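Since the structure comes first, as structure tokens, the remarks are kept for the end.
When reading the values below, keep in mind they use all heavy atoms of this one structure, side chains included, and skip hydrogens, waters and symmetry mates. Letters A, B, ... mirror the listed sequences (proteins, then strands); counts begin at 1. Computed from a predicted model, the values in this text were never measured in an experiment.
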2 protein chains.
Amino acid sequence: MARKRFDDSSCSVARALNEVGDWWSLLVVLHAMYGTRRFVDFQQELGIARNILCDRLSRLVDNEVLKKVEVGEHGSRFEYRLTEKGRDLFPIVIALRQWGDKWNPAPNQEPLDLRDRETGRTIRQVEVQDANGNPLTVRDVFVPEGDGISRRKTTDSKKTVG
Amino acid sequence: MARKRFDDSSCSVARALNEVGDWWSLLVVLHAMYGTRRFVDFQQELGIARNILCDRLSRLVDNEVLKKVEVGEHGSRFEYRLTEKGRDLFPIVIALRQWGDKWNPAPNQEPLDLRDRETGRTIRQVEVQDANGNPLTVRDVFVPEGDGISRRKTTDSKKTVG
DNA sequence: TAAATCTGGTTTTAAAATGCAACCCTATTA
DNA sequence: TAATAGGGTTGCATTTTAAAACCAGATTTA
């Protein structure tokens, strides 16, 4: 059967994954952030099948993560550019990159070193922070009751994370 | 043909997506962060097919995002608990949630309000920050040359993000 | 000017992934 | 003793995916 989709899910993570939660979309967005804009460039950089790339690009355009812009007077040339919504995926992509570098470092390769354009200094690890900017772990947060998360009367496990 | 996998990709985002980049894995991790630990609980909360849940749980265990723990003296009962590696996905999950809430808010629902257990105050928006903790956008960062990102001599688009 | 190339796709085909339902086995509870 | 809960596995039909071939308009190149 078909993949399940979550367009109308009450969970915003599910709705987000619906738009960028497949194997390729976030990689397309990542390369767009590195400056790639053209169909052929995406195709060659990612090594993605052309039909899949087609599908992903148009889906990202439908979801307003990218916009398709006609460029050049000669012939039909297009560019796929990030929208504000797309650029807003930045923390997610960077957090994924940092997680990958930390837990699955490439054997013979330095992790990618991203730097602040202004100061030239390495950026921070992306983290969840409290109102004052102090880092928080899973255990430090809670959801006020009446949140809409469907929970069963749990079986017999104690409710501590980890 | 088969889905493409990126186990050995030089891109850490690709390697990360290889472990948690499918339609269900991050949702499983999310619910684990909310406290879910049991097979049936995941199954009912997520509405996922049992065989797929099986597959995802064992893959997450293989990748050391979850650990499978035998509990209870009576019968074979298991719990799936987050490892440190799994808990380290916290910023990614939260960033996804915030992105979903911002750009695809649920029609009749308040966005989920996560709070610091200690102060009771709402947590911050997850962001990329420079060394001093100031927020950075895509346009504020750069990759030092010689980074291993495969780039073509770009066609004729100007290299500005967005 | 004809041939080759670039760009951005669509089509075809076969292998996987997905979802559903049914089944299995061990314990526990009614 | 029967029913139910937990944690799966199996079979099957439907989708998705990847690879490669094909296409069509514009533009170089020979």
Side-chain angles (χ1 to χ4, degrees), chain A residues 1-6 9 14 17-18 21-28 31-32 36-62 66-81 152-157, chain B residues 1-7 9 14 17-28 32 36-62 66-81 152-157:
Chain A
M1 272 227 173
R3 227 204 70 224
K4 195 168 251 183
R5 286 217 143 79
F6 313 98
S9 168
L17 290 174
N18 214 36
D22 74 287
W23 299 102
W24 286 113
S25 296
L26 270 184
L27 290 177
V28 170
H31 279 245
T36 304
R37 293 174 160 199
R38 304 293 287 271
F39 187 92
V40 281
D41 293 338
F42 283 115
Q43 210 256 309
Q44 298 199 13
E45 290 173 11
L46 292 168
I48 183 176
R50 304 167 74 82
N51 52 351
I52 302 299
L53 177 59
C54 243
D55 179 81
R56 290 304 180 275
L57 285 173
S58 48
R59 185 145 51 177
L60 288 169
V61 169
D62 287 348
L66 297 177
K67 55 177 180 281
K68 185 174 183 175
V69 182
E70 210 171 335
V71 294
E73 306 76 17
H74 51 341
S76 55
R77 300 291 175 85
F78 303 99
E79 286 186 3
Y80 295 89
R81 302 190 195 168
R152 295 176 66 210
K153 291 277 156 303
T154 185
T155 35
D156 53 3
S157 63
Chain B
M1 272 230 169
R3 228 206 69 225
K4 194 169 252 183
R5 285 217 143 81
F6 313 99
D7 314 77
S9 169
L17 289 174
N18 213 38
E19 301 198 343
V20 295
D22 75 288
W23 299 104
W24 286 114
S25 296
L26 269 184
L27 289 177
V28 169
T36 303
R37 294 175 160 195
R38 304 294 286 271
F39 186 92
V40 280
D41 293 338
F42 283 114
Q43 210 257 309
Q44 299 199 12
E45 290 173 12
L46 293 167
I48 184 176
R50 304 166 71 82
N51 52 348
I52 303 299
L53 177 59
C54 242
D55 180 82
R56 290 306 179 274
L57 285 174
S58 47
R59 186 143 55 174
L60 288 170
V61 169
D62 286 348
L66 297 177
K67 55 178 181 280
K68 185 172 182 176
V69 181
E70 211 172 334
V71 295
E73 306 74 20
H74 52 340
S76 52
R77 299 292 173 85
F78 303 99
E79 285 186 3
Y80 295 89
R81 302 189 194 169
R152 295 177 64 209
K153 290 275 156 303
T154 185
T155 37
D156 54 3
S157 63

Distance check needed: [N] [atom2] versus [X] [atom1], whole Å only.
{"X": "A:Leu46", "N": "D:dT17", "atom1": "CG", "atom2": "C1'", "result": "15 Å"}
{"X": "A:Glu79", "N": "C:dT7", "atom1": "CD", "atom2": "C1'", "result": "13 Å"}
{"X": "B:Gln43", "N": "C:dG19", "atom1": "CD", "atom2": "P", "result": "12 Å"}
{"X": "B:Glu45", "N": "D:dG6", "atom1": "CD", "atom2": "P", "result": "13 Å"}
{"X": "B:Phe42", "N": "D:dG6", "atom1": "CZ", "atom2": "P", "result": "14 Å"}
{"X": "A:Arg77", "N": "D:dA24", "atom1": "CZ", "atom2": "P", "result": "19 Å"}
{"X": "B:Leu53", "N": "C:dA17", "atom1": "CG", "atom2": "P", "result": "17 Å"}

For the [atom1] atom of [X] and the [atom2] atom of [Y], what is their distance to the nearest 0.5 Å?
{"X": "B:Tyr80", "Y": "B:Leu53", "atom1": "OH", "atom2": "CG", "result": "7.5 Å"}
{"X": "A:Lys4", "Y": "B:Leu27", "atom1": "NZ", "atom2": "CG", "result": "11.5 Å"}
{"X": "A:Thr36", "Y": "A:Leu46", "atom1": "OG1", "atom2": "CG", "result": "7.5 Å"}
{"X": "B:Phe6", "Y": "A:Trp23", "atom1": "CZ", "atom2": "CH2", "result": "8.0 Å"}
{"X": "B:Arg56", "Y": "B:Leu66", "atom1": "CZ", "atom2": "CG", "result": "13.0 Å"}

Practice item. Report the residue (A:Cys54 or A:Trp23) whose heavy-atom-nearest nucleotide on DNA chain C is the more 5′ of the two. Key: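 Counting from the 5' end, the first nearest nucleotide belongs to A:Cys54.
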
Check your understanding: Starting at the 5' end of DNA chain C, which residue's closest nucleotide do you reach first, A:Arg5 or A:Lys68?
Key ->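 Looking at DNA chain C, the more 5' nearest nucleotide goes with A:Lys68.
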
Nucleotide N/O to protein N/O under 3.5 Å, stretch nucleotides 20-25 of chain C:
{"from": "C:dC20", "atom 1": "N4", "to": "B:Asn51", "atom 2": "ND2", "distance (Å)": "2.7"}

Practice item. Quick one: list whatever passes side-chain hydrogen bond (donor to acceptor under 3.5 Å, both in side chains) with A:Gln43, sequence neighbours left out. Key: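 If we apply the side-chain hydrogen bond (donor to acceptor under 3.5 Å, both in side chains) test to A:Gln43, skipping adjacent residues, the hits are A:Arg50.
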
Point to revise | A:Asp55: partners by side-chain contact (heavy atoms from CB on, under 4.5 Å), with sequence neighbours left out | key: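 With sequence neighbours excluded, A:Asp55 shows a side-chain contact (heavy atoms from CB on, under 4.5 Å) to A:Arg59, given in chain and number order.
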
Point to revise | Exercise: identify the closest heavy-atom pair between B:Leu60 and B:Glu19 | key: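 Taking every non-hydrogen atom into account, CD2-O, 4.1 Å.
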
Exercise for review: For A:Tyr80, answer base if it contacts any base atom (sugar-phosphate contacts may also be present), sugar-phosphate if it contacts only those atoms, and nothing otherwise; contact means non-hydrogen atoms under 4.0 Å.
Suggested key: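 It contacts sugar-phosphate atoms only.
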
Practice item. List for me each residue that meets ring pair (Phe, Tyr, Trp, His ring centres under 6.0 Å) alongside B:Phe42, sequence neighbours excluded, and say none if there are none. Key: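 Per chain and number, B:Phe42 pairs via ring pair (Phe, Tyr, Trp, His ring centres under 6.0 Å) with no residue.
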
Check your understanding: What residues in residues 55-62 of chain A put a non-hydrogen atom under 4.0 Å from any atom of DNA chain C?
Key ->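 Heavy-atom contacts with DNA chain C come from no residue of residues 55-62 of chain A; none.
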
